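Below is one structure, written out as structure tokens; comments come after it.
Indexing begins at 1, ligand by ligand and atom by atom, following the structure's order. Everything numeric here is computed off the predicted structure, so don't read it as measured data.
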Amino acid sequence: MGFNLKGKSFLTLLDFTPNEIRYLLDIAKQVKNEKRARTKTKRFEGLSLAIVFEKRSTRTRTSFETAFGEEGGYPVFLSSDDIHLGVKEDLEDTARVLGRMFDAIAFRGFKDETVNGLAKWSGIPVYNGLTDNYHPTQILADFMTIEEVFGSLTGKKLVFMGDARNNVANSLLIGSAKMGLHFVACGPEKLWPKNELIKKCHDIVEEYRTGAKIEITDDIGEAVKGADAIYTDVWVSMGEQVQKKERLDLLQPYQVNKELMSKTKRNDTIFLHCLPAVKGQEVTREIIEGPRSYVFDEAENRKHTIKAIMIATLV
Ligand code: CP
Ligand code: NVA
């Protein structure tokens with residue numbers, strides 16, 4: 001089934017229905033197969049993409065840049081050091097200029113107001129490549145990886161371990177509610193997702209009858225029991241360095257290691273991480289390098305899912 005997402009921004013998964021997310025995942029599967037078959041396509045020929053990044057990136061930047069360029073498009077990378085955004089020029093003006101020069105904008109940065117403002121003022125599709133609160137493109141890659149391993153998403157038990165209120169955890173929570181997973185956010189109470197977001201996600205489950213289950217807990221044993229996937233992320237996200245000491249103390253018990261993985265009582269549980277990882281902190285080297293780690297499939301799938309978002313919204 002086709003959906004008309006042309007001209008739409010990708011700011012948070014809250015803006016997309018379960019069927020639209022399904023549609024994006026299906027396109028991603030198709031473009032991954034094309035890439036494997038070395039099929040040449042030029043879907044973005046004659047189009048330009050501004051990649052405006054305030055924070056560092058390896059996977060997200062290269063996904064946007066290669067996915068767009070390989071399809072004949074012209075990506076232009078603009079870091080905060082290169083442009084006037086927020087320094088000499090206000091957001092509305094930069095956005096309107098980019099809207100005249102480009103066909104779409106990929107943004108990574110701090111505030112959601114910035115990415116929302118770019119969408120509002122540029123008049124072209126804007127893609128959220130991570131903000132302090134959300135990382136929606138990441139979740140499509142994570143779900144694509146889970147489907148590749150287990151064949152489906154519905155009812156799969158996905159456990160996020162650690163800083164359960166960070167951008168990745170928030171977006172996994174929303175995505176799981178929409179796609180019918182059993183999502184468990186496990187971490188110290190101080191780092192649980194905001195009640196407002198949890199409520200919104202329960203409402204989504206009701207509205208779309210997705211059958212998703214949502215649990216927030218600090219009980220590691222209960223959380224990981226029977227898990228299909230254990231997911232973790234860095235304990236100190238970009239821009240939160242001042243909280244480093246507190247975080248390391250709070251999160252030590254939630255490190256994903258052999259002992260924690262054994263509590264799943266399964267031998268086919270997979271390990272996921274959005275990367276970059278601090279090995280020895282949120283995950284041991286043994287687990288991330290182990291046979292059940294799918295972190296590099298996940299990283300590759302960033303590119304296919306990002307390409308899918310751009311195809312759905314641009315051509
Ligand atoms: N997972 C992810 O967003 O990685 P980068 O920070 O390297 O883009
Ligand atoms: N939570 C991490 C994700 C990096 C991809 C951060 O914001 O730094």
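- The closest approach between any non-hydrogen atom of Asp163 and ligand 2 is not below 4.0 Å.
- Taking 4.0 Å as the cut-off between side-chain N and carboxylate O, Arg59 and Glu300 do not count as a salt-bridged pair.
- With respect to the salt-bridge test (charged N to carboxylate O, under 4.0 angstrom), the residues Glu240 and Arg247 qualify.
- With salt bridges taken as basic N to acidic carboxylate O contacts below 4.0 Å, one links Glu259 and Lys263.
- Counting the atoms of ligand 1 from 1 in the order shown, those under 4.0 Å from a heavy atom of Cys274 are 1 (N).
- A salt bridge links Asp132 with Lys55; the closest basic N to acidic carboxylate O contact falls under 4.0 Å.
- Of all atoms in ligand 1, numbered sequentially from 1 with element shown, those under 4.0 Å from a heavy atom of Arg302 are 1 (N), 2 (C), 3 (O).
- When only non-hydrogen protein atoms are considered, atom 3 (C) of ligand 2 lies nearest to Asp233 OD2, 3.6 Å.
- The shortest N or O to N or O distance between His135 and ligand 1 is under 3.5 Å.
- Only the backbone of Leu275 comes within 4.0 Å of ligand 1, counting heavy atoms alone; no side-chain atom from C-beta on gets that close.
- Heavy-atom proximity to Thr58, at under 4.0 Å, picks out these atoms of ligand 1: 5 (P), 7 (O), 8 (O).
- Under 4.0 Å is where a charged nitrogen must lie from a carboxylate oxygen, and between Arg61 and Glu54 no such pair does.
- Salt-bridge annotation for Lys178 and Glu20: absent, with no side-chain N of the basic residue lying under 4.0 Å from a carboxylate O of the acidic one.
- Looking at Val236 next to ligand 2, no N or O pair under 3.5 Å apart turns up.
- Each of the following atoms of ligand 2 lies closer than 4.0 Å to a heavy atom of Leu130: 3 (C), 4 (C), 5 (C), 7 (O).
- Distance from atom 8 (O) of ligand 2 to its nearest protein heavy atom, with residue and atom name: Met238 N, 2.8 Å.
- Shown in contact with Arg59 at under 4.0 Å from a heavy atom are these atoms of ligand 1, numbered in order with element: 1 (N), 2 (C), 4 (O), 5 (P), 7 (O), 8 (O).
- The only member of Lys42, Lys303, Lys40 that meets salt bridge (Lys or Arg N to Asp or Glu O under 4.0 Å) when paired with Glu70 is Lys303.
- Salt-bridge annotation for Lys307 and Glu71: present, with a side-chain N of the basic residue lying under 4.0 Å from a carboxylate O of the acidic one.
- Taking the six-membered ring where the residue is Trp, Phe53 and Phe64 present perpendicular rings, their angle passing 60° and hence far from 30°.
- Scanning all protein heavy atoms for the shortest distance to atom 6 (O) of ligand 1 gives Arg108 NH1, 2.8 Å.
- Heavy atoms of Asn167 found under 4.0 angstrom from ligand 2 belong exclusively to the side chain.
- With ligand atoms numbered from 1 in the order given, ligand 2 contributes 5 (C) to contacts under 4.0 Å with heavy atoms of Leu275.
- Checked by distance only, ligand 2 and Arg108 stay at 3.5 Å or farther apart across all their nitrogen or oxygen atoms.
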